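Report on one structure; see the data block that follows.
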Amino acid sequence: MKARTRFAPSPTGELHIGGVRTAIFSWLLAKHTGGEFYLRIEDTDQERYVPGSTRRILESFDWLGITLDGGPDHEELRAMKTNEDYPGALEDGEYKGVPGPFVQSHRLHLYKQWAEWLVEHGYAYRANETPEELQRMREEAQARKQTFIFREEMRLRPDVRPDEPHVIRMRVLPRDGRTEFDDLIKGRVSFDNAQVDDQVLLKMDGFPTYHLAVVVDDHLQGVTHVLRGDDWLPSAPKHVLLYRYFGWPEPQWAHVPNVLGTDGKKLSKRHGAQSVFEFRDQGYIPEALINFLALLGWAPGGGDEQNVFTREELIAKFSMAGVGSSPAVFDYNKLDWLNGVHIRRLSPDDLAERLVPFLARAGVSVDTPEKRALLRRIVPHIQERTKKLTDAAPLVDFFFGDIQTPPAEMLIGPKMEQPLALHALRETRRVVASVEPFEDAPLEQAMRALCEALGLKPTQLFTIVRNAVTGKSVTPPLFATMAILGRETCLTRLDRAIARLQASA
RNA sequence: GCCCCCAUCGUCUAGCGGUCCAGGACGCGGCCCUUUCAAGGCCGAAACACGGGUUCGAGUCCCGUUGGGGGCACCA
């Protein structure tokens with residue numbers, strides 16, 4: 001059976017990592033079954049609306065490489081400065097079989113229509129208590145140590161006319177029954193109707209609340225599986241009731257457990273990196289992030305112990321049965337490891353391209369064809385040394401610019417005295433000047449021979465040569481590094497090191 | 001306070017009544033490889049929250065306790 005799923009964020013800021021995980025599950029389910037995954041913007045709260053966030057959300061999915069089968073049109077949105085308004089083209093029509101519009105503020109007439117339908121059929125009623133009045137009622141209930149549940153007989157003005165300002169509230173029926181439903185993750189869930197509020201469905205401003213909008217849209221847009229964070233579970237009975245009132249077939253419910261921070265609390269703004277872009281800027285690659293997030297709460301099961309997955313493998317193996325029911329703690333260690341694994345799987349040229357912006361940010365500009373070529377030669381040697389894209393800069397900067405000649409103590413190896421070190425560097429200079437061809441293997445051969453001749457351990461000699469030639473103690477493999485630097489650069493740097501060492505005598 | 005959800009190594013998890021003195025992965029420790037740092041290989045420490053049932057037999061089923069999480073808006 002083909003699943004049609006959706007991700008329905010509010011445009012209130014950056015795409016949050018917890019939301020991304022829910023989106024990934026939804027996307028995997030849809031793709032696994034050959035169905036559709038689309039985006040719907042839930043902008044029914046005008047107060048919390050943050051201009052530009054729809055575009056940022058779209059860009060997040062672009063970066064993740066998750067393609068949408070419906071939703072606001074990418075090209076048009078990208079062309080706009082902000083998304084405070086949507087082009088008329090978004091108003092109608094459908095996209096890959098999913099009927100639009102995909103922005104709730106453009107669907108107001110639908111919510112109004114169905115809210116009125118509920119009133120007509122006795123499943124909802126009009127009310128017009130002010131926020132202040134409601135607040136007072138709530139406080140009174142609290143004073144009696146009771147949970148405040150709004151019911152129609154509590155209305156202060158029971159005779160609200162359709163032509164005066166009012167809200168529409170759902171009637172929870174039957175009053176004394178229970179509402180039960182099956183959840184793909186939680187199993188059978190049951191709520192006492194007496195605990196369910198007569199929720200406002202249509203606000204005074206004509207906008208729907210989430211509860212009405214989500215039900216109307218999911219039904220009209222043919223959503224088969226409702227995946228969302230399990231913080232929605234307590235309001236699910238309202239949605240179940242609405243489906244039943246409307247006589248619409250219920251979708252499959254799946255309330256996915258939340259992602260927790262290391263402190264065991266729901267992952268939120270306070271836990272460091274939150275938005276997809278923050279992870280991107282910290283040097284994580286989408287392949288790793290998707291792999292990691294998928295594993296956070298999902299496992300292939302059936303004795304399959306695979307941990308590293310490509311997108312395609314995830315799509316092939318994903319199933320709701322593998323999604324766990326308990327909350328998962330976000331583990332940065334595992335993310336880092338997976339990032340390294342996926343970076344190693346990249347082709348060197350691909351990695352080189354991805355590195356460019358990170359190098360630029362670190363002051364290493366790779367802005368000419370020559371520099372690109374240089375970077376491509378270097379990358380194979382740093383690939384297994386980079387866990388995050390931000391790791392590369394200190395490993396490669398000395399290829400692209402001059403170095404500080406290291407202080408004398410860095411030029412005297414372990415268990416060595418200054419005269420020996422000086423001699424060793426001079427001999428190294430001779431080797432470097434004469435080796436033919438100036439390549440990795442011949443260099444290594446000659447330098448090892450030099451070790452023999454000097455009676456030095458490789459570590460001793462290579463350490464000071466590394467320092468002299470790169471200015472650092474941690475670098476890619478020495479001889480490959482020297483070969484790429486080139487004979488002239490190596491000689492220059494060796495000469496400066498020799499001079500520095502001499503001066504220190 | 002009320003309601004709901006959850007409970008296997010520090011973390012992510014496998015386990016769907018016996019084949020589990022509980023398996024894999026991250027992290028951690030040790031060893032090996034080694035020109036630095038990585039990567040890689042091998043080895044190791046590390047868990048069924050507790051208490052009752054059910055059953056010939058329970059990590060697996062039921063109940064309770066404890067602990068954790070979430071929700072109680074004209075926010076999503």
Side-chain angles (χ1 to χ4, degrees), chain A residues 8-10 12 42-45 47-48 127-131 134-135 138 142 144-150 166-169 183 185-187 189-192 194-197 199-205 207-211 213-214 228-237 255 257-258 260 262 264-266 292 295-308 321-322 324-338 340-341 344 382-387 391 395 444 447-448 451 457-463 465-467 470 472-479:
Chain A
S10 294
T12 53
E42 310 218 319
D43 60 341
T44 56
D45 186 353
E47 304 276 303
R48 298 203 307 153
N128 70 354
E129 283 63 39
T130 65
L134 289 168
Q135 183 55 31
R138 215 167 279 135
Q142 205 165 27
R144 284 172 315 202
K145 295 193 171 181
Q146 285 177 332
T147 308
F148 178 62
I149 307 285
F150 194 92
H166 64 278
V167 301
I168 291 180
R169 284 180 181 269
D183 186 282
I185 294 169
K186 308 290 184 182
V189 187
S190 172
F191 290 85
D192 187 349
Q195 301 288 341
V196 182
D197 200 48
Q199 183 62 240
V200 169
L201 298 178
L202 202 65
K203 300 186 257 186
M204 199 93 81
D205 64 4
F207 277 68
T209 58
Y210 171 82
H211 310 283
V214 75
R228 79 229 301 196
D230 71 0
D231 40 338
W232 283 111
L233 198 53
S235 51
H255 289 89
N258 276 125
L260 273 28
T262 328
K265 299 267 187 257
K266 184 178 168 183
F292 173 74
L295 246 30
L296 207 59
W298 172 83
D304 187 336
E305 292 179 329
Q306 184 173 352
N307 279 284
V308 180
S325 52
S326 47
V329 174
F330 195 100
D331 180 8
Y332 289 88
N333 275 325
K334 192 162 186 175
L335 208 211
D336 285 356
W337 168 74
L338 266 177
V341 170
R344 272 173 256 134
I382 65 163
Q383 191 151 13
E384 64 190 26
R385 294 172 169 74
T386 100
K387 262 194 164 79
D391 294 343
L395 251 22
E444 175 161 5
M447 288 298 288
R448 286 195 185 277
C451 286
K457 290 214 166 80
T459 314
Q460 294 179 293
L461 212 217
F462 298 170
T463 297
V465 174
R466 167 178 291 108
N467 288 341
T470 68
K472 328 196 141 194
S473 53
V474 175
T475 71
L478 182 57
F479 306 112

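Just so you know, these numbers come straight off a predicted model, no measurement behind them. Every chain is numbered from 1 and lettered A, B, ... according to where its sequence line falls, protein lines coming before strand lines.
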A:Asp183 atom CG is separated from B:rG70 atom P, nearest whole Å, by 18 Å
Atom NE2 of A:His255 and atom P of B:rA76 are separated, to the nearest Å, by 16 Å
Look at A:Ser190 and B:rC4 and indicate whether a side-chain polar atom (N or O) is within less than 4.0 Å of OP1 or OP2. no
Closest of B:rC74, B:rG27, B:rC5 to the A:Trp337 side chain is B:rG27
Notebook entry, point to check: Do any N or O atoms from the side chain of A:Thr386 and from the backbone of A:Ile382 form a donor-acceptor pair under 3.5 angstrom?
Noted result: no
Closest to the side chain of A:Val189, out of B:rC5, B:rC37, B:rC6, is B:rC5
Side-chain atoms of A:Leu134 come closest, of B:rC3, B:rC74, B:rC12, to B:rC74
Between CZ of A:Arg138 and P of B:rC75 the distance, given in whole Å, is 11 Å
To the nearest 0.5 Å, atom CG of A:Asn258 lies from atom NE2 of A:His255 at 11.0 Å
| said: At less than 3.5 Å, do the side-chain atoms of A:Ser235 and the base atoms of B:rG71 form a donor-acceptor pair? | reply: no
If pairing means Watson-Crick or G-U wobble with both distances under 3.5 Å, then the partner of B:rC20 is none
Rounded to whole Å, CG of A:Asn307 lies from P of B:rA25 at a distance of 7 Å
_If you apply the rule salt bridge (charged side-chain N to carboxylate O under 4.0 Å, His left out), what do you find for A:Arg385 with A:Asp391, and how did you get there?_
CA-CA 8 Å; A:Arg385 294 172 169 74; A:Asp391 294 343; over 6 Å; no
Across every strand shown, the nucleotide meeting Watson-Crick or G-U wobble geometry with B:rC2 (both distances under 3.5 Å) is B:rG71
Rounded to whole Å, CG of A:Asn258 lies from P of B:rC12 at a distance of 14 Å
Separation of B:rC75 atom C1' from A:Asp43 atom CG, nearest Å, is 13 Å
When rounded to whole Å, the CG to C1' distance for the pair A:Asp331 and B:rU13 reads 12 Å
A:Phe292 atom CZ is separated from B:rG27 atom C1', nearest whole Å, by 12 Å
Picking from B:rA38, B:rC74, B:rG71, the nucleotide nearest the side-chain atoms of A:Asp231 would be B:rG71
Practice prompt. Please test A:Phe462 against A:Thr459 for side-chain contact (heavy atoms from CB on, under 4.5 Å), starting from the C-alpha separation and ending with a verdict.
Written response: CA-CA 5 Å; A:Phe462 298 170; A:Thr459 314; over 6 Å; no
